[in-house]
Amino acid sequence: MGFYFAQLLTGLANASSLFLIASGLSIIFGVTRIVNFAHGSFYMVGAYLAYTIVTALNGGIFGFWFSIIAAAAIVGVIGLLIEMTILRRIYRAPELFQLVATFGVVLIFQDATLAIWGAEDLLGPRAPGLDRAVRIMGEPIPEYDLALIAIGPAVLAGIWLLFHKTRWGVLVRAATEDREMVGALGVNQAWLFSAAFVLGAFLAGLGGALQIPREAVSLQMDLSIIGEAFVVVVIGGMGSVSGAFVAAVLISVLNAFAILIFPQISIVLPFIVMAVVLILRPYGLFGKPGSEHVGTEEPEQPLKLMSQKSTMVLLAAVMVLAFSPAVTADFTSILLVDVMVATLFAVSLHFMMGIGGMVSFGHAAYFGVGAYAAAMMVKFLGFGMLPAMLLAPFFAAAAALFFGWFCVRLSGVYLAMLTMAAAQILWGVTFQWQAFTGGDDGILGVWPAEWASSDKVYFYIAFVLCLGGIWFLRRVAHSPFGYTLRGIRDSQTRAEAIGVDTKFHQWMGFVVAGSLAGLAGVVFAFSKGSVFPDTLGIAQSIDGLIMVLLGGIHALAGPIFGAVAFVMIEDWVTRLDYWRFIFGGIILVVVLLAPDGIAGGVNRLIRAILPNQKGGAA
Amino acid sequence: MSPVLSVRNLSKNFGGIKAVQDVNFDVAKGEFLALIGPNGAGKTTCFNMLNGYLKPNSGGSVQLNGKELLGTPPRKIWRMGVGRTFQITETFLSMTVLENIQMALISHHRRVFDMFSRATRLYVDEAMALLDLVSMSEHAERACSELAYGDLKRLELAIALAHEPALLLMDEPTAGMAPSERIALMALTADIVQREGVSVVFTEHDMDVVFAHSHRILVLNRGELIAEGTGDEIRANPTVQEVYLGGGTLFEDKKEAANA
């Protein structure tokens, strides 16, 4: 009995820091409607700052707690700077922009942290005065855990008072319900948004700072917490602080007991809970539909078939690509295979987001399933390359069929979160199921057949499959099926009123996009000769989002430009020191300067140079 | 002649509130029927039950040419031959005017899952004919997002007629339009309806529009049908006057003004 009570207390202690970071995320989302990926970075920086200040002060109980608060306050100031320099410019941009911009901030923080604190994990001191364990029902419980259990509800109470007893708090709640109305009532939104962001950043910093007696401070803290924090916010209902508290407790306590039965579950458990909650309550436990994301996007222009001139240019580009192996070195062919794989992946994601209007934060799931299915068929079933290539996309289609059914029941940011949950569940399974998937070691030796083993021959296989896939998706985009998807995106009501089964159609669109992502994954697996869990990871999904965004979401050619640019930039930048910093900077520059992406930017450039011609690279 | 639409014992409660109580009416072929009433009378509730967005209390029946509509999802009601327009226009803004009509035709011909044809090449002539009907053919290639609101309304009307419906449901067709545009749109609708033999049920706040164009008027108040008749009959009806103005005279004859 005592043992179980101890597990419960551990769960509650974990819940506190999870709640702190999630509540900040939820407040920021509620007011600004920004899904802040950089929130994990605030958490990490909070921990590093607290470590530095605690060690520098070295001053007993008072020094310790002063350091914690000071670290959180500095993170709040950093949050203010980021809000004022970056986010303020993109509040009205589409969600995707905001997500990718905050991911750019994540990259910059990773390298800035690395430069300041180094790559070594740092072990913080124990909390003075709370460094022992007490026995409760015979089990040793760290005193610091008990302090954390008290801090969570205390902060919740503090936020409650702030939100219900101060004018500012009332405005924050009002903005969460309907920020247009609050603006119409003459409230200075810029100031309100900044203040909400500072509070959110402060809470994340506090959550990170409080962790230093419990875990080593490391550079992985940011991305390891952010997935779980998202889950907590979504389960609780976006914008609801008490929801975040309940969700944090629910997940942490469930986790504390579930690992007793099935130790591997902790990676996927939060995502499973989230999937279940979203299916039962599409807006989370305490969430309300609330005001939608208000973007002032220009309406998208109608699709055009390519002009003769553009077709010629495209054909010329394909011809150059087709003959490139004859004149270039092998490593160029290998790079070009990467480009083609990335392009097919990006085009399939664009099909889902741009055409279908379903933003996916987890498109890597289908890429990875395709790659793993091919690898396992080769490894365990002794399939040849061609049959594996042919069959593997069907596994991706099956995964998309399964997860898509749940996802299309939601919309907007909740749909995006559920796609991410799906990808994380698959990632977790792959990572944990050592016997079947090789776990972290991946599956090695997935090489092309003998006849296709030269880089140049494999180039042509990739050429046929990837360009075929891209051609197919373009064709579908111009077909009644693709038009209907766009119609549903434009107006679900109208689509239904002309007899379209909107959910079913979106589901099928999801499956088409997933299958083609799977095909990209297959080509990828054989080109690398191995597959690892990262192929299903968040980073891979975000790479896809960046490609689509770089290219511009409103043009069919966008993802092609975007993927080519992405792979080229990545290939060049990753050779440099602090490449994440540079890459994050590039992302921010693109988001802030060319909000319609490279294709949009090129179009604008053409129109500026040739005012009489309409640039229409659709 | 049997009615196109027959509504029997239609009721809807929201909790304890009786939003619509036991409403009965028929719509004849080619009839232009207005559903009016003060705010909160139950017009929209009625409408949303007819088009499948709301589930009525059990016991009622709505039949289109003898086939039951109740319990059928909106997209199937459309397939059975009911076109509809919305109070705030719902169109595909990222498409051209012509493509909007083509979409309705593609769906009507059950080709939404076709992945290999070029959508823009399908049913062009039929779509152009429909645009002609609402005098929009010169706008065919324009982006829908560039249209003026009055043009969007006409486009929506053409979309609603694409599958040659037996019945057209129009929810506040002239909401948000200038007075002269309202009359023009309804005159156009009345004209088309007469030529194509479609029946129309519409709700409307603008009494000029109602009296100028409807063949028959149903008046709802507090969820009940309190009067039914031609424009003149409704104008003279003391119950209706009571409801709208709490007594006194109502609705001066603006018919001439409207037709001028």
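All values below were derived from every heavy atom in this structure, side-chain atoms included, with hydrogens, water molecules and symmetry-related copies excluded. We name chains A, B, ... by the order of the sequence lines, and we start the count at 1 in each one.
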Seminar exercise, completed: Rounded to the nearest 0.5 Å, the CG atom of Asp501(A) sits from the NZ atom of Lys76(B) at a distance of 8.0 Å

For this session: Calculate, to the nearest 0.5 Å, the distance between atoms CG and CZ belonging to Leu93(B) and Arg494(A) respectively.
Result: 11.5 Å

Problem set entry | chain A contact via Ile159(B) - which portion, at a heavy-atom distance below 4.5 Å | side chain

Exercise. To the nearest 0.5 Å, how far apart are OG1 in Thr484(A) and CZ in Arg111(B)?
Worked result: 11.0 Å

For this session: Give, for atom OH of Tyr483(A) and atom CE of Met103(B), the distance between the pair rounded to the nearest 0.5 Å.
Result: 9.0 Å

Exercise. Taking Trp78(B) for the side chain and Ile498(A) for the main chain, is one N or O donor matched with an acceptor at less than 3.5 Å?
Worked result: no

Problem set entry | More than 12 heavy atoms of other groups within 6.0 Å of Tyr149(B) OH | yes

Exercise. How long is the span from the CZ atom in Phe92(B) to the CZ atom in Arg489(A), to the nearest 0.5 Å?
Worked result: 11.0 Å

Seminar exercise, completed: Highest number of heavy-atom pairs under 4.5 Å with chain A among His108(B), Arg75(B), Arg84(B) belongs to Arg75(B)

Problem set entry | Glu138(B) atom CD: more than 12 heavy-atom contacts under 6.0 Å | yes

Problem set entry | Plane angle bin for Phe504(A) and Phe113(B) - parallel if under 30°, tilted between 30 and 60°, otherwise perpendicular | perpendicular

For this session: Determine the option with the most heavy-atom pairs under 4.5 angstrom with chain A, choosing from Ala104(B), Gly52(B), Ala119(B).
Result: Ala119(B)

Problem set entry | Residues, nucleotides or ligands: over 12 heavy atoms within 6.0 Å of Phe395(A) CZ | no

Problem set entry | Atom CG of Leu314(A): over 12 foreign heavy atoms under 6.0 Å | yes

Exercise. So, Asp490(A) side chain and Ser94(B) main chain: donor-acceptor pair closer than 3.5 Å or not?
Worked result: yes

Problem set entry | Under 4.5 Å from a heavy atom of chain B, the part of Ala477(A) involved | neither

Problem set entry | Contacting moiety of Arg110(B), where chain A heavy atoms sit under 4.5 Å | neither

Problem set entry | Inter-residue atom distance Glu99(B).CD - Arg486(A).CZ, 0.5 Å rounding | 6.5 Å

For this session: Determine the minimum heavy-atom distance between Ser491(A) and Thr91(B), stating which atoms define it.
Result: CB-O, 3.7 Å

For this session: Measure Arg118(B) against the heavy atoms of chain A and call it side chain, backbone, both or neither at under 4.5 Å.
Result: both

Exercise. If you draw a 6.0 Å radius around CD in Glu68(B), do more than 12 non-hydrogen atoms from other residues or ligands fall strictly inside?
Worked result: yes

Problem set entry | Contact summary for Pro480(A) and Ser117(B), nearest pair of heavy atoms | CD-O, 3.5 Å

Exercise. Got more than 12 heavy atoms from elsewhere within 6.0 Å of NZ, Lys55(B)?
Worked result: no

Exercise. Measuring heavy-atom distances to chain A, does Thr96(B) have an atom under 4.5 Å in its side chain, in its backbone, in both, or in neither?
Worked result: both

For this session: Measure across Glu496(A) and Pro74(B) and return the closest heavy-atom pair with its distance rounded to 0.1 Å.
Result: OE2-CG, 3.6 Å

